[in-house]
Every structure is written in C-alpha cells, then in structure tokens.
Amino acid sequence: MTNPASSELMLRWRMLKDRLAQHMVAVGGIGVIVAIVLIAVYLVYVVLPMFEPATINKVASYALPASDTEPVYFSIEEQAEIGMLLDRNGKLVFFNTVDGTPVKEVRLAVPEGRTVTSLGRSDPTTGVLALGLSDGSALVFRHAYRISYPDDKRLITPVVEYPLGEKPIVVDPDGLPLLKLAIQLDEEQATLAAVTEAETLPIVHLAKEESLLEETVTWQSLYTHIPRPRDEVAFLLVGKLQRDLFVATDAGELSFYNISDWEEAPELLQKVSLVSQPATLTSLTFLAGDISLLAGASDGDIVQWFPVRDENGKRVLTRIRDFDDFKTPVNTIVQEQERKGFLATDRTGKVGLFHTTAHRTLLVESVSDKPILQAALAPRSNAMLLRDRDQIHFYKIHNEYPEVSWSSLWGKVWYESYPEPEYVWQSSSASNDFEPKLSLIPISFGTLKAAFYAMLIAMPLAIMGAIFTAHFMSPRLRQVVKPTIEIMEALPTVILGFLAGLWLAPFVENNLPGIFTLLIVMPFGLLFAAWSWHFLPAAVRHRIPDGWEAALLVPVIILLAYVSIEASPWLETSLFGGDIRVWLKQELGINYDQRNSIVVGLAMGFAVIPTIFSITEDAIFAVPSHLVRGSLALGATPWQTMMRVVLLTASPGIFSAVMIGLGRAVGETMIVLMATGNTPVMDFNIFEGMRTLSANIAVEMPESEVGSTHYRVLFLAALVLFAFTFMVNTLAEIVRQRLRKRYSNL
Amino acid sequence: MRQRTKEWYKSGAPWIWLNAGAVSISVLMVIGLIGLISARGLVYFWPSDVLEGHYRESNGQEIPVLGEIDTVEIIPASRARDSGYTIEGDSEVTRYLIKVGNRDIYGADFKLVMEPFLTEVTYPEDVLVVERREWGNFYGHLKSITENGNVIAEGAEAKKLLPARLARSVDLFHQVRSIQKHEIGAINFQLEKLRLKKRGLELKGVKDPSAYAALEEEAKSLEQKYKQLREKMTELIVQSRRDSIIVTTITGQEITLPLAKVVRVHYPNAMGLWQKIGFYFEKLWEFVSDEPREANTEGGIFPAIFGTVMMVLLMSVIVTPFGVVAAVYLREYAKQGLLIRLIRIAVNNLAGVPSIVYGVFGLGFFVYFLGGNIDTLFFPEAQPAPTFGTPGLLWASLTLAILTLPVVIVATEEGLARIPSSIREGSMALGATRAETLWRIVIPMASPAMMTGLILAVARAAGEVAPLMLVGVVKLAPSLPLDGNFPYLHMDRKFMHLGFHIYDVGFQSPNVEAARPLVYATSLLLIIVIVLLNLAAIYVRNHLREKYRALEN
C-alpha cells in the first residue's frame with residue numbers, strides 16, 4: 001500500500017514537472033522561431049543604415065582666431081583636430097578646431113611692396129594654394145601636417161612649404177595685378193591661369209627640370225593666353241590633369257578650353273550656359289576627380305556637369321543632374337575629397353550635404369541666421385568648419401553611406417566618363433577618382449536570366465515526366481523511377497557546378513551543332529519510335545505491358561544522343577565552315593563564351609528537375625481516382641482525361657512546384673559560380689554568361705570591409721534574395737494548402 | 001496505314017510517349033551523371049599503361065613521346081588544319097590528350113597529339129613511373145641508384161634494389177613529418193599559450209615579476225625541447241638524403257631524383273592484373289587517409305573528410321535538440337490557430353531560402369557580431385588577432401544548424417502528426433501527465449521521424465558549400481580542429497571541407513588539368529556519402545510508415 005501523503009507529494013512533483021516541461025518547450029520553441037525570424041531582422045538591421053539621412057552635431061562655435069583681418073579660405077586636416085585659415089594679407093593661422101585657439105601662425109613670403117589680389121586653389125588633396133599678387137606673379141605654397149608620437153600621444157604639426165620656391169612665379173609677363181587665379185600642381189608640372197585687366201587671360205605652364213649633376217630643380221615656364229570673355233570673369237578653374245580650363249562669367253556663360261597641348265594655342269571646345277536664365281552663377285567648383293563641375297545658381301539650384309564624348313569622340317559638357325533643395329542663392333560649394341559628394345551653403349545660413357551619383361540630398365539644415373561665407377570639409381568628410389560673418393562653427397558629420405540610394409541601386413545612373421546613363425555593377429575601383437558603381441540591376445538580371453534558362457530546360461522535362469510517372473507508369477517501374485529522380489535533389493550542387501564548368505562547358509563548346517541537333521531531333525525521334533512501335537506486330541507489342549513506355553524509349557534516347565553528338569563534327573564542317581564559334585561571331589555577330597547560359601541552364605535545370613518533378617508528381621498522384629475513373633467511363637481517352645480532368649485539378653500543385661523550383665534556381669550559388677564567367681553583363685545572349693546575386697555575394701563578401709557601403713550593399717543583395725524566395729515560396733505554399741483543401745472536399 | 005496513324009494520333013498516344021520520353025531523359029541524366037563521375041573518379045587510381053611512340057609535330061619536327069592517354073576526342077579535320085597540320089581528305093581526326101608528366105622539364109603535364117602523326121606505338125615493360133612529392137609524375141627509364149652521389153647499382157640491379165631503398169626513405173619521411181606535426185606542433189601551441197598568458201598578465205596590470213619568471217621558465221624548457229627535436233629532425237633529414245635514383249627521360253635527358261622526394265614508383269606496363277588491383281587499392285587508401293600535396297592537386301583528402309565529419313557532427317548536436325523542441329512546441333503545445341499556421345508556412349519556406357543568405361547572416365551575425373564581442377570579452381590578450389571573431393568551425397556549424405533547422409522541424413512535425421491521437425488520449429486516460437505522455441510515448445514513437453530529419457539535415461549539410469565559403473572553410477588548414485593539445489577540440493579553427501575542396505581544386509588551382517581526376521574522385525566520395533545518407537533516410541521513413549500502418553489497424 002502506498003502512503004497517501006507520499007503519493008500526494010508524488011502527484012505534485014509530477015504536476016510540477018509537467019508544467020516545467022510545458023514552459024521549457026514553449027520557451028525553446030518560441031526561441032527557435034525567434035532565432036529564425038532573427039535572420040530577416042538582422043539583414044534589415046545591417047541594410048537600414050544605408051538609407052538613413054546624414055546627421056551633424058555642433059561641437060563648438062567661436063570667434064575668428066585672428067580678428068585683425070578678413071579670412072578668404074579655410075581647411076581642415078585629416079584628423080579634424082586642426083583647422084587652417086588664410087587671410088587677405090597672406091597670413092596663415094592654424095587653430096584648434098574645438099576651441100579656436102591658434103596653434104601656429106605663418107606669414108607667407110609675400111615680397112615687400114606687393115599686395116595679395118587673388119587666391120588660386122589646387123586639388124584639395126595636395127594642400128597646394130597660390131596667392132595672386134599685384135605685380136602679375138603668384139606665390140605658390142603648400143600646407144601639410146606632420147604626425148609624430150612623442151610620449152605615445154599623437155602630435156600634429158602644421159608646416160608650410162614652397163614647392164616652386166619662395167620666389168613668386170610670373171604669371172602675367174605684363175605685370176598686371178592678378179584678379180583671379182587658378183592653379184594645378186603635380187610632381188612633374190604645373191599650370192597657372194589668371195584674369196587681369198588686359199584683354200587676354202594669361203596662362204603659364206611650368207615643367208620640372210632636374211639637373212642630376214648639381215641636384216637642383218628648376219621650373220621652365222611656357223606662356224600662352226586665351227581671349228577674355230566680354231563679361232567679367234567670375235570663376236576660373238584648371239582641372240587636376242592640367243588638361244581642361246574653365247572660364248565662367250557671372251551670368252553663367254562657360255568657356256571650356258583644352259590646354260593639354262603646350263605647343264599649340266588653347267583650343268576652345270565649347271561655350272555653354274551653366275545656369276537657367278535669369279539666374280546667375282554664384283558658385284563653381286570641381287567634384288572629386290576634377291571631371292565634373294558643380295555650378296551653384298542664384299535661384300538655389302546646384303547643377304552637375306561633366307564632359308561626355310559625342311559620336312565624333314569630342315568631349316561635350318553635358319548637364320547631368322540638378323539639386324534644387326535651396327531656395328536662395330548658393331553661396332559656397334565644397335567638394336568631398338574621397339567621394340563624389342559635396343557640401344553647399346546658401347545665403348540664409350542653411351547647409352546641405354549631397355551626393356551626385358546617388359542623386360541624394362542627405363541633409364539640409366539651418367545652422368546660422370547669417371549667410372555662411374566660407375566652409376571647409378575634413379578629408380574624411382567627417383567634420384566641417386562653417387564661417388559666418390563673425391563666428392566659426394565646428395561640426396561633426398555622420399554621413400557614411402551617401403553613395404547608396406534607391407536610384408543608384410535600381411535606376412540607370414549616369415556615371416562620369418560614361419556616354420549615357422547605364423546599369424553598372426563594379427564594386428571595387430582602383431582610386432578615389434573612380435567611384436564604385438553599385439547598380440543591383442545587372443546582377444539581378446543575371447539571376448533571372450540564369451533562372452529563366454534553367455526553367456526552360458527543367459519545366460518541360462520535370463512536368464511531363466511527372467505526368468507520365470504519376471498517371472501512366474506501371475507501379476513497379478514507378479517505385480524505382482521516383483526515388484532515382486528524387487535522389488538527384490540531394491546531389492551537392494558543387495558537384496553539378498564542377499561538372500558543368502569543367503566537363504559540360506568544353507563538351508558543349510566542342511559539340512555545339514550536336515547539342516542543337518539533339519534538341520530538335522529528340523522529340524521527333526521519340527514520336528517516330530512510338531509510331532513505329534504502334535505498327536509492330538501485336539504479338540511483339542503485347543509482350544510489353546502498358547506503363548513501360550519509358551523503359552522502351554531508353555535505347556532510342558541513347559541512340560539519338562549518340563548519333564547527334566557523333567554527327568556534330570560533320571555538321572560543323574559542312575554547315576559552319578569548321579568552327580561554329582567563328583561562324584557565330586562573323587555571320588551573326590554573337591559572342592561565344594565557353595561558360596555560357598546553355599551550360600548554366602542545363603546544369604541548373606538538372607538541379608531543379610527533381611524539385612519540380614517531385615511536387616508535381618505528388619499533386620497529380622493525389623488527384624482523386626474517382627474523377628479519373630468517371631472521365632474514362634464517360635468515354636474520354638486516357639490523354640483527354642489527363643489534360644481535361646487531372647491536369648486541371650492538379651494545376652495549383654504544378655504551379656506551386658514551378659514556383660518552388662524557381663526559388664531554388666534563383667538562389668543557387670555554386671552552379672552559377674562555377675559554370676559562368678561571372679561577368680555582370682546585361683545581355684540576353686544564350687551564348688554569354690552572367691553574374692547572379694548569389695554568386696556575386698560568394699565572390700565579393702570575403703573581401704569586403706566590415707561595415708562599409710560595399711558590405712551593406714551585399715547584405716542588401718542577400719536580403720533581396722531572401723525576400724524574393726520567401727515570397728515565391730509563400731505563394732507556392734498558400735496555393736498548395738488551398739489545393740489540399742480542395743482535394744479533401746472532393 | 002494512314003487511317004491507323006490518324007487513330008493513333010487521335011488517341012493521344014503520341015503525347016503519352018513524349019511524356020514517357022521526358023521521364024527516360026531525366027532518369028538517364030541522373031544515371032549518366034553518376035556513371036560519368038564514377039567512371040572518371042574510379043579510373044583515377046588505376047595504373048594505366050604508358051605508351052611510347054614517335055610524333056611528328058605540326059612544324060615537321062620529330063619527337064619521341066612517352067605518357068598515358070588521358071582523353072580521346074574526335075574533332076573536325078579543319079580544326080587540326082588550323083593548328084598547322086596537313087591532313088588529306090578526312091573530315092574528322094582523332095586527338096589524344098597524353099599525360100607526359102615531367103612538369104619540371106617540359107613545363108606542362110599534358111600534350112595534345114593528333115592520331116595520324118603518332119607512329120611506332122609500343123608499351124615497353126621497363127617504363128618507370130615515379131610519383132614525386134613535387135612536380136607531379138615522372139615518366140622515363142631507370143638508369144642507376146646512387147648513394148651519397150656514388151653509383152651503387154645500374155640497370156636490372158638497380159631495379160632490384162629500388163623498393164627497399166625507397167621504403168627506407170619513405171619511412172624516414174614519415175618520421176620527420178610526425179615530429180614536425182605532432183611534437184613540434186604541440187610545443188608551438190604551448191609557446192603561443194604562454195605568450196598569451198603573459199600578455200593577459202600585462203593587461204591585468206600584474207607587476208609581480210615572479211609570475212612572469214615562472215612563465216619564462218616554462219618557455220625556456222619548451223625552447224630546449226624544441227631544439228632537441230629540431231636536431232633529431234635535421235639528422236633524419238640528412239639520412240633521408242642519402243639515396244637518389246638517376247633516370248632518363250624519353251628524350252635521353254638524365255635526371256637525378258633524390259629518393260626523399262619520391263612517394264612511390266611502379267612499372268605499369270609490367271604489372272599483371274592482380275598487381276594492378278593491389279596498386280589500385282593502395283592508391284585508394286592513400287586517397288582517403290593521407291594529406292594533400294602540391295596545392296591539393298595530389299595526395300589524399302583526409303583533412304577534408306575529417307573537417308566535413310567534424311562540422312556535420314557539431315551541427316547535428318546543435319540542430320537536433322532545437323529542431324525537436326520547436327517541432328514539439330508547434331505540434332503538441334501551441335494553440336493551433338492562424339499564427340501557428342503562419343509560423344509553419346514560414347518555417348517551411350525557410351528551407352527554400354538560398355543557402356548563401358544563411359552564409360551572409362552567419363558571417364555578419366555570428367562571426368563579426370557574436371565572435372567580435374566574445375573576443376573583446378574573453379580573449380583580450382590575443383587582440384588584435386581575432387580568436388572567435390573570424391570564420392571558424394563553430395560558426396560554420398552554427399550557420400549550417402540554422403540552415404538545416406527547417407528540415408528537422410518539418411520532419412519531426414510530420415512524425416508527430418502521424419502518431420494517432422488515440423495513443424495520446426490513451427496515455428492521458430491512464431493518468432499520465434502531458435509531459436510524461438510526451439516523453440514516454442510520443443517522442444519514442446516519433447524518434448524514427450526525427451532520425452529521418454537528422455539524416456536529411458546531415459546530407460544537406462555535407463553537400464552545402466556556398467555558406468561555408470563565408471563562415472569558416474579554407475583550402476588548406478594547417479591543423480585539424482581536433483588534436484592532442486588541450487582543449488582538444490578547437491572550435492575557433494578553420495577547417496577543410498569536401499565540397500569546398502572540389503570547388504577549390506577544380507577552379508582555383510593552378511594546374512586544373514592535372515587535378516581533375518582527383519576532383520572526380522572527391523566528388524564520387526561525396527556523392528556516395530550523400531546518396532547513402534538519403535537512402536538511409538528513405539529506408540527509415542518507409543520503415544516508419546509500415547510501423548504505424550500496423551498500429552492504426
């Protein structure tokens with residue numbers, strides 16, 4: 001006999017265990033489901049920051065570090081710790097960006113008795129500036145920063161150098177004051193251009209000459225000039241390759257000169273109006289790389305222009321895109337040094353951050369009630385100095401992914417040096433002058449192209465095969481055939497890819513005529529075999545029961561394949577002059593890649609067949625048999641029953657099979673990685689390859705820097721794949737569930 | 001006849017035949033594929049005969065050729081004419097790809113040969129094939145054996161002496177490798193641990209010099225041991241350099257091959273069938289048990305097999321409990337409503353999400369997010385070198401566990417659904433609690449379904465490559481993830497994988513042509529493993545069905 005107290009205890013203990021188990025299972029189950037949801041959430045979490053606008057935080061505002069004169073130019077060094085201002089008299093003041101205390105003052109070597117009349121700026125990454133003087137000469141200097149680590153702490157020391165010597169360079173041989181000045185300087189040569197009172201604009205080219213014996217450097221000058229426009233010149237710019245010269249008037253009339261040939265006179269390439277009338281030009285600067293011009297207008301418009309080659313190969317400045325976020329005149333435009341973005345300010349104290357290629361306005365914010373007179377961006381674009389009439393404002397900028405926008409990912413983008421807007425995927429670039437091109441269209445297109453060819457092969461084979469297997473095949477044969485095809489599904493795709501790339505691709509290339517013959521001959525051959533079978537004596541025919549047709553056809557198929565492939569060299573010689581690839585290229589202008597869409601279609605079709613086959617077969621097999629018997633009893637032939645009754649009933653199942661197959665084809669990685677050349681081309685040519693989203697991720701992900709734009713765009717590609725397959729599969733699943741309900745009603 | 005044809009057409013029979021053709025094509029494709037891989041993979045180990053002949057090049061030059069026929073092709077004669085051969089009349093030409101080996105001398109392993117220009121083909125019995133540790137195979141004739149540079153035997157005498165001498169050098173090689181891998185490897189591992197310990201002490205701000213001294217002491221003794229081993233190894237290496245063979249190529253060039261660089265030699269043309277079979281299995285065993293050589297293009301694939309197995313095992317340990325708990329929750333505990341239906345659809349669909357997406361998730365979340373945080377929390381002394389913040393075995397297993405989770409959940413749920421509710425009700429009616437019913441009745445009955453799910457998951461994981469490329473697989477891992485150094489299982493290590501091996505050797509290796517047979521052999525092995533796993537799953541499933549059919553009646 002059990003003790004009632006202990007059994008009571010036992011019961012409680014059991015109940016406790018029961019409840020415990022229930023909670024644990026619930027927690028575990030929900031946890032697992034949450035973990036699965038986490039995948040989508042995490043992908044979104046990585047992708048989302050790309051689409052957030054930029055933000056700025058003010059760090060400090062302070063009075064001008066040197067109050068005696070008017071600054072004309074500001075800049076910031078790499079670490080954004082030290083700022084620099086240049087004033088009208090040729091004094092440089094380096095100051096702490098956080099509190100404005102001067103770190104160092106340098107009086108530039110302006111000769112006695114001359115005054116500074118203008119300022120020329122070289123490419124900002126070089127730090128080279130030039131002061132135009134009242135005697136027609138220019139003083140060229142460079143400001144740079146030395147970093148040292150005394151006591152393990154970073155110390156930044158500003159330095160000023162004179163790359164062309166402390167003696168000013170004569171720009172105008174007539175000695176007139178330089179009212180505007182433009183300069184570019186590199187290791188080997190320099191170009192300066194200026195505006196004076198005279199009727200022509202003087203230009204001087206300087207070439208470096210090193211004397212090996214005396215170890216001295218001299219610069220040889222070569223003078224030329226261009227006519228001065230009728231109106232007053234407002235802006236004068238020389239591109240950093242010292243090839244292009246731009247002269248713009250207040251009204252926005254721009255003259256575009258080619259000055260690359262020093263022996264010849266400058267060649268006027270084009271005259272164009274940069275702004276729409278009646279607005280005037282208020283600001284003009286280069287974009288990083290010095291290919292594009294950014295023109296700010298008095299109506300607040302900022303327009304990007306760059307030269308595009310026309311059909312004669314001539315470079316023609318073309319209006320590319322507008323930013324019209326400002327309503328009052330644009331005051332300053334400052335280019336970013338490493339990206340194709342820029343900062344602009346307007347007359348009401350607003351500041352904006354923009355990116356040209358993405359055509360994106362990242363931020364427009366009012367920072368002062370007075371107009372911003374000068375602005376400077378740190379080289380990493382993570383800080384800026386803004387100066388209004390009496391104060392300097394120092395801001396930190398958070399703007400890490402400006403180059404991504406809906407239009408740059410999914411739209412045609414007009415990239416610099418491209419003849420027209422295009423879809424391009426080119427994620428890595430050699431230098432900052434060429435930006436990464438991140439259009440997802442070519443790789444999405446490649447994905448769909450690969451899936452299309454795969455489905456083209458897989459759908460007929462799988463669906464027709466499933467129809468026969470489910471409905472006409474003898475049960476004994478079916479027991480063997482179905483698992484055989486289903487085993488295919490488990491074949492690692494890396495093996496299919498390897499075979500496709502190393503065996504099938506050369507095979508197809510060598511037997512291309514044979515492959516096409518096979519495609520054409522196969523259905524007719526099969527029909528002919530069937531027809532012949534029908535005319536065989538009944539005694540022979542009756543030896544093989546119904547439902548074994550598939551087995552009968554095996555030798556026929558092998559024979560047809562063998563004959564087609566054997567005939568291939570003969571066909572190639574007699575029809576295509578011995579080499580079909582050459583023939584395609586010459587007669588039809590079609591490129592032939594060894595790893596092309598046919599190979600991908602065959603290999604991926606092979607991978608998709610079992611998926612479609614298996615689900616379709618199930619759907620057809622599950623069609624209630626009384627429907628079939630009823631139809632047959634009413635006198636329909638087996639084929640009529642198939643087409644009008646069975647297929648119709650099972651069509652949702654077939655649809656969902658195709659959808660799931662499509663999902664698999666879209667996401668397949670290894671086959672396309674190995675069986676195509678992985679070039680992101682947009683071409684439906686069956687003889688060329690493609691690059692798909694999945695292969696692209698596999699190729700580029702290991703090399704992308706964590707947290708970079710490229711990394712996040714690849715995550716976006718993964719998210720696109722995820723969303724696409726998830727949607728397709730959900731659709732298929734819903735259709736399938738409906739079908740199941742319908743069957744249970746029948 | 002026309003009448004009959006018309007009737008035949010009207011009956012729809014042509015369409016049925018076409019459908020039958022589709023099945024036949026699909027089945028033939030499967031059989032053809034497996035047959036192709038088997039044929040090429042199995043042939044790899046077979047010592048095929050080596051032919052000797054005279055060949056006239058397209059420029060008229062006569063050269064002797066010695067090698068194995070690799071592939072035979074028939075090409076249009078015009079293509080041969082394009083490459084400079086004069087061929088009369090024929091529209092087709094047979095072309096051989098002959099493996100001539102001697103990569104160090106000829107520059108390439110293979111030579112394309114047009115059949116009509118290859119004459120005087122013989123199969124001499126004394127052709128020697130030398131399998132070398134570098135530069136691939138050597139084909140030629142044995143001239144003599146030297147010891148410390150002095151010839152000790154020539155011709156037939158040399159042939160007799162060779163096996164013993166080779167065995168000695170191979171034995172020495174294994175000794176050296178064992179010292180290098182196991183003993184020196186262990187010392188390096190311990191030294192690295194000491195370094196990290198020291199760095200950890202520094203980071204903690206420990207100033208006590210005695211703590212450091214103890215570490216120094218230990219390091220010193222290890223260094224001492226290392227020196228001894230090093231000496232021993234050098235001695236062995238010197239010994240192994242004693243013997244060389246002098247061989248002549250078909251063009252008469254004499255080459256000295258140190259036996260230390262030779263794996264094995266054989267005379268294929270002189271071998272009988274049984275000898276060949278013996279050789280075949282010897283090579284087969286080397287393939288599955290040895291390490292790869294020559295940038296993975298020769299030798300064995302043992303580390304890849306081992307890595308795959310380790311990864312799959314770890315994955316199974318993770319995925320089974322979670323998958324089963326989730327399935328039990330969905331089927332037994334959750335209230336069956338719209339939400340659960342939606343979740344079920346979602347879980348089902350996750351099985352169709354491309355595997356590369358899981359790879360991206362694994363890289364971002366596991367490797368960089370989780371791994372990076374683990375490193376800063378637990379392994380500050382190793383910084384900036386990552387410990388877990390880099391792709392490795394643990395993350396690969398976790399990623400694949402998530403990837404295969406839907407498979408296990410779906411299969412388990414199916415198994416649970418098949419159990420008649422009368423059984424559950426019976427158990428409860430007898431007074432068992434729900435948990436007891438679950439634990440004692442339902443789970444045991446559903447265990448074959450779980451097994452099916454697990455087997456399918458393992459089969460999928462073993463063949464999956466794309467996500468692994470992002471989260472932990474490398475082409476050549478310096479050490480296995482399991483070894484004799486504490487804690488024995490190194491989850492942070494990168495590993496090798498059969499599937500990735502196929503991709504890497506087939507597509508990234510510098511000498512694809514020579515490596516191809518090995519890739520076929522690897523593929524065959526992978527296919528066999530996966531097909532067997534799937535057949536096991538099918539068997540278990542069928543068995544299960546039978547069982548319940550009995551139960552329902």
Side-chain angles (χ1 to χ4, degrees), chain A residues 14 17-18 21-22 25-26 28-29 32-33 36 39 42 46 461 464-465 467-469 472 481 484-485 487-488 490 492 494-495 498 502 526-527 530 534 549-550 553-554 557 569-570 572-573 578 606 609 637 639 660 663 667 669-670 674 694 697-698 701 706 718 721-722 725-726 729-730 733, chain B residues 8 11-12 14-30 74-76 78-79 91-92 322 325-326 328-329 333 343 345 348-350 352-354 356-357 360-361 364-365 368 433-435 459 463 465-466 469-470 499 502-503 506-507 516 519 523 526 530-531 534 538:
Chain A
R14 282 173 59 204
K17 272 204 296 191
D18 187 39
Q22 178 172 356
V25 168
V32 169
I33 290 156
I36 289 172
I39 297 173
Y42 185 75
V46 174
L461 280 180
M464 287 166 73
I467 289 173
F468 187 81
T469 311
F472 299 107
V481 164
T484 310
I485 296 183
I487 281 278
M488 253 164 101
V494 67
I495 291 176
F498 146 71
L502 291 186
L526 290 179
L527 284 180
H534 185 66
E549 288 93 335
L553 284 175
V554 167
I557 291 166
W570 177 80
E572 198 161 3
T573 314
F606 190 89
I609 283 175
T637 63
W639 182 247
I660 289 172
T669 310
M670 292 318 287
M674 297 162 94
S694 52
I697 295 170
M701 197 72 183
V706 183
L721 268 183
F722 180 88
T725 46
F726 202 83
N729 284 334
T730 307
E733 187 66 30
Chain B
W8 178 69
S11 71
W15 299 108
I16 296 175
W17 280 89
L18 269 186
N19 287 339
V23 182
S24 313
I25 291 171
S26 304
V27 172
L28 279 176
M29 274 164 77
V30 184
I74 296 170
I75 56 165
S78 57
R79 226 183 264 175
S91 68
E92 287 168 13
F322 284 109
V325 165
V328 166
Y329 173 73
Y333 281 98
I343 288 176
I345 290 179
N348 252 334
N349 289 354
L350 276 174
V353 167
I356 189 84
V357 173
V360 169
F361 171 76
F365 186 75
Y368 291 138
T433 64
R434 218 162 157 197
V465 177
M469 285 162 70
L470 303 182
I502 295 171
Y503 169 66
F507 284 78
R516 199 174 293 182
V519 186
S523 303
L526 190 55
I530 285 170
V531 167
N534 272 281
I538 290 173

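Note: hydrogens, waters and symmetry copies are ignored here, and every other heavy atom, side chains too, is used. The chains referred to below are lettered A, B, ... by the order of the sequence lines, with proteins before strands, and numbering in each begins at 1.
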One option among B/Val27, B/Val23, B/Asn349, B/Ile356 has the most heavy-atom pairs under 4.5 Å with chain A, and it is B/Asn349
Heavy-atom pair with the smallest gap, counting every atom of A/Leu553 and B/Trp17: CD1-O, 3.4 Å
Is B/Ile16 close to chain A through its backbone or its side chain, or both, or neither, when contacts mean heavy atoms under 4.5 Å? both
Run B/Val30 and A/Ile487 through side chain to side chain contact (heavy atoms under 4.5 Å, CB included) and show every step you take. CA-CA 9 Å; B/Val30 184; A/Ile487 281 278; 5.5 Å; no
Portion of B/Tyr368 that has a non-hydrogen atom of chain A nearer than 4.5 angstrom: side chain
Contacts of type side chain to side chain donor-acceptor pair (under 3.5 Å), residue B/Ser11, not counting sequence neighbours: none
Counting heavy-atom pairs under 4.5 Å with chain A, which one of B/Asn348, B/Ile343, B/Val360 comes out on top? B/Val360
Option in A/Met670, A/Met701, A/Met464 with maximal non-hydrogen atom pairs under 4.5 Å from chain B: A/Met464
For A/Phe722, all residues meeting ring pair (Phe, Tyr, Trp, His ring centres under 6.0 Å), sequence neighbours excluded: A/Phe726
Contacting moiety of A/Leu502, where chain B heavy atoms sit under 4.5 Å: both
Tell me, out of B/Ile345, B/Asn534, B/Ile538, B/Val328, who's got the most heavy-atom pairs with chain A below 4.5 Å. B/Ile345
Provide the closest heavy-atom pair for A/Ala490 versus B/Ile530 in the form atom of the first, atom of the second, distance. O-CG2, 3.4 Å
Could you tell me which portion of A/Ile660 (side chain, backbone, both or neither) has an atom closer than 4.5 angstrom to a non-hydrogen atom of chain B? neither
With only heavy atoms counted, which part of A/Met674 is less than 4.5 Å from chain B, the side chain, the backbone, both or neither? both
Select one option (side chain, backbone, both, neither) describing which atoms of B/Tyr503 are under 4.5 Å from chain A's heavy atoms. both
Whether over 12 other heavy atoms sit under 6.0 Å from A/Trp639 CH2: yes
Please walk me through it: do A/Phe606 and B/Met29 pass side chain to side chain contact (heavy atoms under 4.5 Å, CB included)? CA-CA 8 Å; A/Phe606 190 89; B/Met29 274 164 77; 3.2 Å; yes
Heavy atoms only: give me the nearest B/Val353-A/Thr725 pair and the separation to one decimal. CA-OG1, 4.0 Å
A/Phe468 CZ to B/Trp15 CH2 distance, which is reported to the nearest 0.5 Å: 15.5 Å
Near B/Trp8 CH2, under 6.0 Å, is it more than 12 heavy atoms from other residues, nucleotides or ligands? yes
Heavy-atom pairs under 4.5 Å with chain B are the metric here; pick the option from A/Ile495, A/Leu526, A/Thr669 that has the most. A/Ile495
Using a 4.5 angstrom heavy-atom cutoff, name the option from B/Pro14, B/Ser523, B/Gly463, B/Ser26 with the most pairs to chain A. B/Ser523
Honestly, the part of A/Ile33 sitting under 4.5 Å from a heavy atom of chain B is side chain
Proximity breakdown for B/Phe365 and chain A, heavy-atom pairs closer than 4.5 Å: both
Residue B/Ala459 versus chain A: region with a heavy atom under 4.5 Å: neither
What part of A/Gln22 gets within 4.5 angstrom of chain B, counting heavy atoms only: side chain, backbone, both, or neither? both
Considering only heavy atoms and a distance below 4.5 Å, find which of A/His534, A/Met488, A/Glu572 pairs most often with chain B. A/His534
How close do B/Ser24 and A/Ile557 get, heavy atom to heavy atom, and via which atoms? CB-CD1, 3.4 Å
Under 4.5 Å from a heavy atom of chain B, the part of A/Glu549 involved: both
When only pairs under 4.5 Å are counted, which of B/Ala20, B/Ala22, B/Gly12, B/Gly364 shares the most heavy-atom pairs with chain A? B/Ala20
One option among A/Thr637, A/Val481, A/Asp18, A/Leu461 has the most heavy-atom pairs under 4.5 Å with chain B, and it is A/Asp18
Under 4.5 Å from any heavy atom of chain A, what part of B/Ile25 do you find: side chain, backbone, both or neither? both
Given that the side chain runs from C-beta out, which part of A/Val46 has a heavy atom under 4.5 Å from chain B: side chain, backbone, both or neither? neither
Flag the one option from A/Leu721, A/Thr730, A/Ile697, A/Asn729 with the top tally of heavy-atom pairs under 4.5 Å to chain B. A/Asn729
Checking B/Leu18 against chain A: side chain, backbone, both or neither under 4.5 Å from a heavy atom? both
